Structures are given as structure tokens and as C-alpha cells.
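A, B, ... follow the sequence lines: proteins, then strands. Residue 1 opens every chain. Bear in mind that the values here come from a model prediction, so they are computed numbers and not experimental data.
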Amino acid sequence: MNWFKYSSPQTFYPLAGRMVPLFFALAALFAIPGLYIGFFVAPTDAQQGESYRIIFIHVPAAWMSMFIYVVMAFWAGVGLAFNTRLSSMMASALAPTGALMTFIALWTGSLWGKPTWGTWWVWDARLTAELILLFLYFGFMALQAAIDDPRRADKAGAVLALVGVINIPIITFSVQWWNTLHQGASVSLTRSPTMAATMLTGMLVMALAFWMYSIAASLLRARSIILERERNADWVREWREAAP
Amino acid sequence: MLAALRTVIRRDLLLALRNKSDAANTLLFFVIVASLFPLGVGPEPALLRGIAPGVVWVAALLASMLALARLFAADYADGTLEQLALAPQPLAALVAAKILAHWLVSGLPLVLIAPLLGLQFDLSGTALLTLMVSLLIGTPVLSLLGAIGAALTLGLRASGVLVPLIVLPLTVPVLVFGAGAVEAAAAGLGAEAQLSLLAAFLLVSAALSPWAAAAAIRIALE
């Protein structure tokens, strides 16, 4: 199978159209059991009571916020290196979803912090790093929005995304660097997790749901970007005439 | 190669010398912003000592953001940047020379005047020295990172607001460790760890950001 067949906007557009409902359905499929485990199956935390249950939203959103930035920088870098239009469009399509995930992580973290730490916001390393990540997303979107020529917007955004990706390791290691109020990471690949197995299952299922949602939402946005950029292309005109 | 770099540096310094008010304005902005804080938070010496490292560092950060507008804009407008991009020497090296000249004009004066601001905030001798050293290591990083932002926004309408928007988040580690070094020194602890990290940032950004800025300039010139 020739994967590069789908690297042109013209062939990718209908493929993305078929994939969007599929990934939205998968997101719902994971979210329903994930939320059920989170709210009904997972035990009440001995110290934090019921308020800890927000982690089933908070942790997946925080994971996705960082992961999407890396994926965005990857596609932007591919677009810059190989001059492929679709890669750059994908990077632009990912940015708002990444910013949304970052915002959800900050918001739910704040909701969790009030009953647990007694404050809406602390200037802890991970919170601050997440906030800076939000600023990086906003900077990327603001730069692309300020440039009228889409090709230059793609490339300039790519340089900024690649520079900004340096921030991702800083986020990950900031826990060790500053080590303040925020608890250390509870999930680790190398040692056994310090939380109940059902909690971990719920969180992982929710992470999959967030992942599927992010894919669906970015593909949907990528379709709009393709239509906007290619509005004068022949295939778009044919497609519009064929559509009812 | 070295001759070309020397020419670029000498040209930019000469231009700055012929137009002294530009550099002076940046310095003045730095002093005024830092002097506003005691008026805002009150004159208690203990409070001022506490906030001094952060205030002076943030003021330096903002001042260097303002100065970035001058880094490439005039050369972009009159076509000099295009000539530099066509030169046989690598553009990244020429950009590095421009950044160095820019720092000598806009960054170094901030370092030299900072102790005076520190005195206003009642900092001790070692803290003043650490403030100078941290700014000496940190402000070149600001110029290097800022050059990327200045190059990316060349010729855009809203570049004045856009540059701080995209560069400031990237400068957070510099601010944290720059102000942290002064705080550690003021508390009687050694500041070597923070200064070493700042120096590491300087080395990494000096190695990478001229390339990124050169790439951004080529994108803007296309």
C-alpha cells in the first residue's frame, strides 16, 4: 500500500471525512466505561476523599497537552523539511486542540487544588510549566494568524514549534528540578504504580478517550483548513458541484 | 569569514553610535520600570529587598524585548538582510555577529546600570555582584532567543506585540535561574548552581538560535 497516496490534500480530504466519525465513536466508546470506572468503580481515596476523581479528566488532559505539542512540532518539522503542505496543515489543526487540553488540565487542576491544597493556584513547577505550555500554544497560533501568506505562516510556525519543543523536557523534569508542593509523578513505567489498579485502569481508558477525541477534532479542523486553502483548486470545485 | 563577521559587528556598532538615542531609550525604559515598583508596592526596605531580584530581572526582560524591534527591522526594510542572505558566508554566522553587536548595544548597558537599581532596592554587596554576573550571562540568552522572534515576525503588521508574545514564554528558565541566583546570593547561599545553569542555557542557545534565526530570516525573505 502506498502511504504517500494520502499525503496530498485532495486524497486526504475524503479519507479524513471517513475517519472523523470513526474516531469520535471510539472516543465515546472509551469515555463511557472510563467515566463509569472513574465515578462508580474506583474506590474513594483515603486522604483526598471524592475530590480526587477529577484526575480521570485532569491527568489525561495533561498528558495530551504535552503529547499534542510534540506531535504538532513533528508535523510542523516534517512540513518544513519536506515542503509537504498537508503536514503543515495538520500542525495548524492540532494547535487549538492542544491549547484546549492544556486549559482543561489547568482548570481541573485548579478545581482539585481548592479542596486538597486549600488554594486555586500555586506557583509550583508543574503548574507553571503547564501555563507556559498554554502560552506557547497561544504564541504559535498568534504567529500563524498574523501572517497572511499561508506558506510563510506554515514555515514560521514550524520554526517556533521546533524551538518551543525544548520546553517539553523542561516540563517533564521540572518536578525533579524544583520539587515543591506538587506531588511527584504517581504513574511510572519502571516501578509499580502507587495507586489502586482500578484508578489506573480508569485513567488509562480515559486517556484513550481523550486521544481519540483529539484525533477526531484535529482531523475535522484539518478538513476545514484544506477547504479554506484549496478553495480555488479544481478538485474542490468539482467536489462542491457534486455535493447536493 | 572572520573579516565578514568583524565587518558586520563594526557596521552595527557604528550605526548604533550614530543613533545613540535608541540604545539610551532602552536603558531609560529599564531604569523607569524598575523605579516604578517601589512606588507601587511601598518603600519598606525588607519588602524591596525581597522583590528586587525578580523586579530587576523582569525589567531587563521587558527592556530587551523592546530593543528587539531594532535587531533586523531596518536591515529588512532597506534590503541589507537580503544581501546578507546572498553573501558567501553562512547566514547563521552573520546573524550571530548581528546578535552579538545588538547585545553589546542593548544588553551590556543593562548589566552595567543594574547595580545602581540594586542599590535602590537595598541589596547587599554580594547580591549586587551576583545580579551583575547573572545579567551578564543571562541577557545574551535573551538576545539570542529574541532574535528568533524578531526574525519570525519580520514585516508583519503587529510585530511589536507579537515578539514578546512568542519570545517571553521561552525566556522563563532564564528568568527563574537569573533571579534565583540573586535570591540565593542575598540569602547567603552560593549561586554557583543557578549561574552554571544560566551558562548552560547561554551555550545551548548560542549554538542553536543563530541557525533558527537564519532559517526564519530566509522564510521571511522568500
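- At a 4.5 Å heavy-atom cutoff, the contact between B:L152 and chain A is made by backbone and side-chain atoms alike.
- Shown here is B:E44, whose CD atom has more than 12 heavy atoms of other residues, nucleotides or ligands within 6.0 Å.
- Taking 4.0 Å as the cut-off between side-chain N and carboxylate O, B:E222 and A:K155 count as a salt-bridged pair.
- Taking 4.5 Å as the limit, some side-chain heavy atom of B:L170 sits within range of a side-chain heavy atom of A:L136.
- Contact check for A:D148 versus B:R157: side-chain heavy atoms found under the 4.5 Å cut-off.
- The nearest pair of heavy atoms linking A:A146 to B:L156 is O-CD2, 4.0 Å.
- Most heavy-atom pairs under 4.5 Å with chain B, from the set A:A156, A:G157, A:G139: that is A:A156.
- Interface remark: A:L80 contributes side-chain atoms only to the contact with chain B (heavy atom separation under 4.5 Å).
- Chain A forms the most heavy-atom pairs under 4.5 Å with one residue out of B:V204, B:L154, B:T153, and that residue is B:L154.
- Ranked by heavy-atom pairs under 4.5 Å with chain B, the list A:L162, A:L143, A:D149 is led by A:L143.
- Note that the CZ atom of A:F138 and the CD1 atom of B:I166 stand 15.0 Å from one another [nearest 0.5 Å].
- Heavy-atom neighbours of A:W107 CH2 from other residues, nucleotides or ligands within 6.0 Å: at or below the threshold of 12.
- When all heavy atoms of B:A212 and A:V159 are compared, the closest pair comes out as O-CG1, 4.0 Å.
- Interface remark: B:L221 contributes no atoms to any contact with chain A (heavy atom separation under 4.5 Å).
- B:I219 touches chain A through backbone and side chain together, each having a heavy atom under 4.5 Å away.
- Contact record, A:I132 with B:P169: CG2-O, 3.6 Å, taken as the closest heavy-atom pair.
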